[in-house]
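Below is one structure, written out as structure tokens, with a few remarks after it.
Below, all heavy atoms of this structure are taken into account, side chains as well, without hydrogens, waters or symmetry copies.
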Number of protein chains: 2
Amino acid sequence: MTAASAGPGAVRPGGRTARVRAAVLRAAGDALAEGGLAGLDLADVARRAEVGRTTVYRRWGSPANLVADLLADMAEQSLPRTETGTLAGDLRANARLVQRTLADARQGALFKAMIAAATCDEQAAAALHRFYDTRVTEWEPCARQAVARGELPEGTDTREVIRAVSAPLYYRLLTTGEPLDEAAADRAADAAVAAAKAGVFVTAQP
Amino acid sequence: MTAASAGPGAVRPGGRTARVRAAVLRAAGDALAEGGLAGLDLADVARRAEVGRTTVYRRWGSPANLVADLLADMAEQSLPRTETGTLAGDLRANARLVQRTLADARQGALFKAMIAAATCDEQAAAALHRFYDTRVTEWEPCARQAVARGELPEGTDTREVIRAVSAPLYYRLLTTGEPLDEAAADRAADAAVAAAKAGVFVTAQP
DNA sequence: TCACTAACGGGACACAAGTTCCGTTAAGAT
DNA sequence: ATCTTAACGGAACTTGTGTCCCGTTAGTGA
């Protein structure tokens with residue numbers, strides 16, 4: 001067992017290695033946005049990144065692995081959260097952010113491709129779950145504060161409230177051809193608020 | 001332009017051709033359930049279906065096409081709908097049905113794979129949209145009747161109510177590792193009811 | 001029942017995806 | 001500045017996916 005048993009990039013992660021990783025992830029994102037998961041050819045990614053084909057095969061090995069790494073990279077980049085003072089305002093802000101992201105040609109295609117990868121590969125799925133966990137954790141305080149303000153009942157599952165906002169937007173993106181507009185975003189936020197205020201997300205505790 | 005210009009299976013759809021199609025779709029379903037979209041190798045499908053490799057390549061050509069055909073086949077098989085007399089009861093029945101389908105190992109994997117295929121291929125996407133359109137149309141009467149009974153406000157977008165039930169279940173299936181249990185199904189149905197009663201799905205009309 | 005030909009299926013083939021080998025470059029430690 | 005070796009990258013090689021050709025099987029109409 002040598003020092004390199006953890007795989008390439010673990011012992012000398014700086015300099016050239018980091019440059020190669022950045023270029024490859026960039027190229028992979030481009031390829032995914034253009035052709036979806038099916039269009040993710042490792043040889044093509046290597047060409048786009050101007051990197052040796054061997055390197056890509058050695059470090060990532062499969063499209064799913066590459067997507068998993070890309071997701072891990074994206075989970076680190078966090079967006080600032082808005083605070084409006086009311087649950088409805090905060091959730092609308094969240095819904096608009098999600099809607100704008102998914103409606104964007106490049107980003108939307110990228111997310112669709114990553115979801116597709118997660119359905120094929122266990123490792124990509126784990127990375128995707130971590131990604132959404134991070135995002136939910138970022139926005140959870142909105143719902144927490146709403147409970148503190150008395151807008152929502154005590155015992156509300158605050159993470160579930162945040163997820164309820166995104167769900168209809170993703171469902172629409174994946175199962176219908178209809179465009180994701182602002183009206184859809186507002187509807188998603190309002191539906192989550194109505195359900196949460198009705199106590200649907202209160203968890204029974206013994 | 002010959003009689004066969006519409007592709008194989010168009011002129012003599014009966015007998016052997018139908019048998020081959022059934023065997024291939026069956027095998028494709030198995031392969032998808034086991035290995036996801038990435039595991040859908042046409043040569044492998046041919047082997048499972050005990051059919052010539054050439055035949056599969058000629059009639060379907062690509063994994064996405066095969067999935068599209070599988071979806072078209074599934075859209076034809078319709079499940080009976082329950083009627084309980086209240087919106088909450090009907091939507092819970094719907095939610096439970098979706099939940100049971102997605103929680104089932106084979107069916108769940110199959111649906112995930114088909115969603116993945118829809119993100120890669122335009123034709124598969126169209127087939128998927130048609131599939132969900134069919135399902136929504138089947139359940140829409142629940143919401144229509146609720147409007148007629150006065151349970152929901154006039155002007156409610158009834159299709160959107162039905163979609164609101166499935167959305168959280170699919171979102172959970174795709175973005176978290178958590179299991180889809182009956183509690184999640186009931187919560188999804190209750191949330192849709194609360195939002196619909198609050199008038200979130202009323203469409204403004206000039 | 002027979003003729004016609006659509007559709008199937010085995011085998012040979014072309015090409016691209018992925019692997020292995022080994023020399024070259026540069027990160028990190030002293 | 002120098003040394004060690006992790007990581008890169010070109011080229012040859014292997015594997016298997018998808019195509020083409022053509023003989024065989026069986027659906028459909030007379």
Side-chain angles (χ1 to χ4, degrees), chain A residues 1-28 31-32 34-69 117 120-121 123, chain B residues 1-28 31-32 35-69 117 120-121 123-124:
Chain A
M1 176 152 162
T2 74
S5 64
V11 178
R12 288 180 183 174
R16 178 172 59 170
T17 301
R19 258 189 330 270
V20 165
R21 178 170 181 247
V24 169
L25 291 187
R26 181 87 222 286
L32 280 177
E34 280 175 35
L37 183 64
L40 191 65
D41 176 28
L42 295 205
D44 177 55
V45 169
R47 222 173 300 125
R48 287 171 186 256
E50 296 183 323
V51 151
R53 238 178 43 231
T54 314
T55 301
V56 178
Y57 280 110
R58 181 171 34 222
R59 281 194 60 180
W60 289 279
S62 75
N65 265 319
L66 190 47
V67 171
D69 198 22
C120 299
D121 179 82
Q123 209 175 338
Chain B
M1 176 151 164
T2 75
S5 64
V11 178
R12 287 179 184 174
R16 177 172 59 170
T17 301
R19 256 185 337 267
V20 165
R21 178 170 180 249
V24 169
L25 292 187
R26 181 85 224 286
L32 280 177
L37 183 65
L40 191 66
D41 176 28
L42 296 205
D44 178 55
V45 169
R47 221 173 301 125
R48 287 170 185 256
E50 296 183 324
V51 150
R53 235 180 41 215
T54 314
T55 301
V56 178
Y57 279 110
R58 182 171 34 222
R59 281 193 60 181
W60 289 278
S62 74
N65 265 320
L66 190 48
V67 171
D69 198 22
C120 297
D121 179 81
Q123 209 175 338

Rounding to 0.5 Å, atoms CG (D41(B)) and CZ (R53(B)) come to a distance of 9.5 Å

Quick one: is [X] getting a side-chain N or O under 4.0 Å of the [N] phosphate, OP1 or OP2?
{"X": "Y57(A)", "N": "dG18(C)", "answer": "yes"}
{"X": "T54(B)", "N": "dC8(C)", "answer": "no"}
{"X": "R59(B)", "N": "dC8(C)", "answer": "yes"}
{"X": "R19(A)", "N": "dA27(C)", "answer": "yes"}

Quiz item: R58(B) side-chain donor-acceptor pair to dG9(C) base, under 3.5 Å:
yes

Side chain R53(A) and base dG18(C) donor-acceptor under 3.5 Å
yes

Whole-Å distance between [N] [atom2] and [X] [atom1]?
{"X": "R21(A)", "N": "dA27(C)", "atom1": "CZ", "atom2": "P", "value": "17 Å"}
{"X": "W60(B)", "N": "dT17(D)", "atom1": "CH2", "atom2": "C1'", "value": "18 Å"}
{"X": "R47(A)", "N": "dA17(C)", "atom1": "CZ", "atom2": "C1'", "value": "11 Å"}

R48(B) atom CZ: more than 12 heavy-atom contacts under 6.0 Å:
yes

Would you call L66(A) and V24(A) a side-chain contact if the rule is heavy atoms closer than 4.5 Å?
yes

Charged N to carboxylate O under 4.0 angstrom, R59(B) versus D69(B)?
no

Kindly point out which of dC8(C), dG18(D), dA26(C) is positioned nearest to the side chain of R16(A)?
dA26(C)

